[in-house]
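Down below is the structure, laid out as structure tokens.
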There are 2 protein chains.
Amino acid sequence: MNIFKLLKKNKLFYNFEDKEINKIFDCLHGHINKYSRGRVVAEIGQPVEEIGILLTGAAVKFIKKPNGELENCGEIFAGDMFGEVEAYTGDRTFNSSVVIAEEATVLYISVATIVKQCSNNCPCHQKLLENTLSCLAERIDTMGVDAKYLKIKSMRGKISKLFYDKYLAQGTETIHLGFNRNEMAEYLNVSRPSMSREMIAMREDGIIKFRKDEIVILNVDELQRLANEAR
Amino acid sequence: MNIFKLLKKNKLFYNFEDKEINKIFDCLHGHINKYSRGRVVAEIGQPVEEIGILLTGAAVKFIKKPNGELENCGEIFAGDMFGEVEAYTGDRTFNSSVVIAEEATVLYISVATIVKQCSNNCPCHQKLLENTLSCLAERIDTMGVDAKYLKIKSMRGKISKLFYDKYLAQGTETIHLGFNRNEMAEYLNVSRPSMSREMIAMREDGIIKFRKDEIVILNVDELQRLANEAR
DNA sequence: TAGTGTTTGTATCTTAAGCTACAAACATCA
DNA sequence: TGATGTTTGTAGCTTAAGATACAAACACTA
């Protein structure tokens, strides 16, 4: 496995050179641990001193419900990280536990050293800081977009907004969703049959046609209208 | 008006001393502008070079819909800021326009100087950076919580989760909402009458009683169950 | 304390979307 | 090419929540 390649995919190390990544180990107190399945690598309420980046394997995040039950709240794969938000919040404690699901290697970097300029005054430090800021800011953007879909009440509105946004992003009348009906329904937070029903109604209305992951917009104006009116 | 007091309320300047705030002006290239109603102080698509902090007055944020129409997407009052997220995203351009609604004074601080250590190596710079990170991270947290309510499908689930969360936060069976029915309905993204109806049903079921902004939880266990089961 | 505005409660009706369960289409691979 | 698993479409029923419109309670102040 190539650590350099993997890390460069991680947003924190965007724009890093190999030699800069090497500095992680002294500059940011980087170290790598290996864990087997079931190992708890982060625990709710514990202070976040390091950010963990999964180099191999997989892990699952859990939040604790007030009655003590644990609830799965997401998965982490190679290239993903944990603690990168909590590290900067008020109490700096994990708000979810992370449990290794498949034998994994984790690279840790120290939070304290990210925010402080290091004595070597190295540019990689500066970059990491900027990347951290971007990483957080972009997350806010994404969450804002996601919330928009959730707030739209009508099925047709949700679908239209989603398709129209994809249309704007992809620039062609033929768009690709990037997920199947189940995933799309889950993203929009609706039931798949209801969504399917409405998509077919939209096809009957001549707005779209589709086949699997590929959607063709037949009436852009109407779709735009629906997307804009949606609430 | 006391700039110091106001700025210390702003999250970016949390923990700042008066004398450190004074440094803003040379260290962060701070400067103050005064605007009258109608003035556009940020425009969608334009690069964000500074973060604006409203010292007095009020402003409105607009996003541009694809058909060109502008849509109100939030208000800004004294102590609030704009550009503090976009400043760090990929293209670093405003994604909403900001228009002054009431004669306002705005303090600007340079983004470029926030992320770079300044030549004076002043601690205020360091603090500002940490505050910026907190500010963004906490926003992510908040948005995550907000999205949770949106994702719950049943009315009773939404209400229960909200009340239960407030109960956990406030620690007493008598909780205060901090908003009226309209605002609460808007936050949960439901219609007020439907919400009212369900609150009354919950009262009839002996789970809560209420009067205006004050809610008393009569059956904590049941409320907890509802909040946990909610989806 | 009357008068106005706001917030909250109530009623009725309608409909969109959820759920379940099944059928059809498609993909994959031996 | 048949067998199996997955994804997508279809149907019918039920119900929760939306919309609207009005009434009651309350708050403010003149």
Side-chain angles (χ1 to χ4, degrees), chain A residues 148-163 166 174-218 222-223 225-227 229-231, chain B residues 75 148-163 166 174-216 218 222-223 225-227 229-231:
Chain A
K148 266 216 228 114
Y149 295 117
L150 294 179
K151 284 189 184 172
I152 296 173
K153 295 218 173 118
S154 80
M155 186 60 90
R156 186 165 291 208
K158 281 179 200 274
I159 297 170
S160 300
K161 181 109 183 76
L162 179 63
F163 289 178
K166 295 263 178 203
T174 301
I175 56 175
H176 289 269
L177 292 182
F179 36 50
N180 66 27
R181 297 297 130 88
N182 259 314
E183 292 163 335
M184 173 172 160
E186 195 174 344
Y187 178 62
L188 296 180
N189 201 40
V190 296
S191 85
R192 188 194 52 78
S194 300
M195 188 187 79
S196 230
R197 184 206 281 148
E198 191 61 34
M199 279 177 69
I200 285 153
M202 289 172 75
R203 174 162 62 193
E204 277 162 7
D205 291 350
I207 301 167
I208 51 172
K209 67 180 186 186
F210 54 89
R211 184 184 163 276
K212 302 214 65 184
D213 161 77
E214 185 180 284
I215 313 282
V216 180
I217 301 169
L218 302 173
E222 179 62 3
L223 192 71
R225 203 188 60 74
L226 288 166
E229 243 69 314
R231 42 198 70 262
Chain B
E75 277 152 40
K148 267 216 227 111
Y149 296 116
L150 294 179
K151 284 189 184 169
I152 296 173
K153 294 218 174 118
S154 81
M155 184 61 88
R156 186 166 290 208
K158 282 178 199 271
I159 296 171
S160 300
K161 181 109 184 72
L162 179 63
F163 288 178
K166 295 262 178 204
T174 300
I175 56 174
H176 289 269
L177 292 182
F179 35 47
N180 67 26
R181 297 296 130 87
N182 259 313
E183 292 161 337
M184 173 173 160
E186 194 175 346
Y187 179 62
L188 296 180
N189 201 40
V190 296
S191 85
R192 189 195 50 80
S194 300
M195 189 188 79
S196 229
R197 184 206 279 147
E198 191 61 34
M199 280 178 66
I200 285 154
M202 288 173 75
R203 174 163 61 193
E204 276 162 9
D205 291 350
I207 302 166
I208 51 172
K209 67 180 187 189
F210 54 89
R211 184 184 162 277
K212 303 215 67 187
D213 161 77
E214 183 180 286
I215 314 282
V216 180
L218 302 173
E222 179 62 3
L223 192 72
R225 203 187 59 74
L226 288 166
E229 242 71 314
R231 35 199 74 262

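Chain identifiers are assigned alphabetically (A, B, ...) following the order of the sequence lines, protein sequences preceding nucleic acid strands; residue numbering begins at 1 within each chain.
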Open item on the list: Nearest whole Å is fine: how far is C/dA17 P from A/M199 CE?
Closed with: 15 Å
Open item on the list: Which nucleotide wins on minimum distance to the side chain of A/R181, given the candidates D/dG9, D/dG18, D/dA11?
Closed with: D/dG9
- [ ] Specify the residue among A/R211 and A/R156 whose closest nucleotide of DNA chain C lies further upstream toward the 5′ end.
- [x] A/R156
TODO: Whole angstrom is fine here: how far is it from NZ in A/K209 over to P in D/dT8?
DONE: 19 Å
TODO: Ignoring the backbone of A/N180, work out which of D/dA17, C/dT10, D/dT8 is nearest its side chain.
DONE: D/dT8
Open item on the list: Could you check whether the side chain of A/R197 and the base of D/dG12 have a donor-acceptor pair of N or O atoms closer than 3.5 Å, going by distance alone?
Closed with: yes
Open item on the list: Without decimals, in angstroms, what is the distance between A/M195 CE and C/dC19 C1'?
Closed with: 15 Å
Task: Distance in angstrom units between B/N182 CG and D/dA19 P, rounded - done: 13 Å
TODO: To the nearest Å, give me how far apart CG (B/L177) and C1' (C/dT7) are.
DONE: 14 Å
- [ ] Can you tell me the distance, in whole Å, between the CD1 atom of B/I215 and the C1' atom of C/dT8?
- [x] 12 Å
TODO: Please test A/I159 against A/M184 for side-chain contact (heavy atoms from CB on, under 4.5 Å), starting from the C-alpha separation and ending with a verdict.
DONE: CA-CA 9 Å; A/I159 297 170; A/M184 173 172 160; 4.3 Å; yes
- [ ] Using a 4.5 Å cut-off on heavy atoms from C-beta on, say whether the side chain of B/L162 contacts that of B/L188.
- [x] yes
Task: Listed nucleotide nearest any side-chain atom of B/R192, set D/dG9, C/dT8, C/dA17 - done: C/dT8
Open item on the list: So, OP1 or OP2 of D/dG9: does either fall under 4.0 Å of a side-chain N or O from A/S196?
Closed with: yes
TODO: In whole angstrom, give the distance that lies between atom NZ of A/K151 and atom P of D/dG18.
DONE: 15 Å
TODO: Using a strict 4.0 Å threshold on nitrogen-to-oxygen distance, state whether A/R211 and A/E214 make a salt bridge.
DONE: no
- [ ] Please determine, for the side chain of A/S154, which listed nucleotide (C/dC19, D/dG18, C/dA17) has the closest atom?
- [x] C/dA17
Open item on the list: With side-chain contact (heavy atoms from CB on, under 4.5 Å) as the test, pick out the partner of A/R203 among A/I207, A/D205, A/I200.
Closed with: A/I200
Open item on the list: Once you apply a heavy-atom cut-off of 4.0 Å, does A/F210 come out as touching a base, just sugar-phosphate, or nothing?
Closed with: sugar-phosphate
Task: Donor-acceptor pair (no angle test) under 3.5 Å: B/S194 side chain, D/dG18 base - done: yes
Open item on the list: Rounding to an integer number of Å, can you tell me how far B/M155 CE sits from D/dG18 C1'?
Closed with: 9 Å
Task: B/R181/B/D213 ion pair, N-O < 4.0 Å - done: no
- [ ] Please determine, for the side chain of A/P193, which listed nucleotide (D/dG9, D/dG18, D/dA11) has the closest atom?
- [x] D/dA11
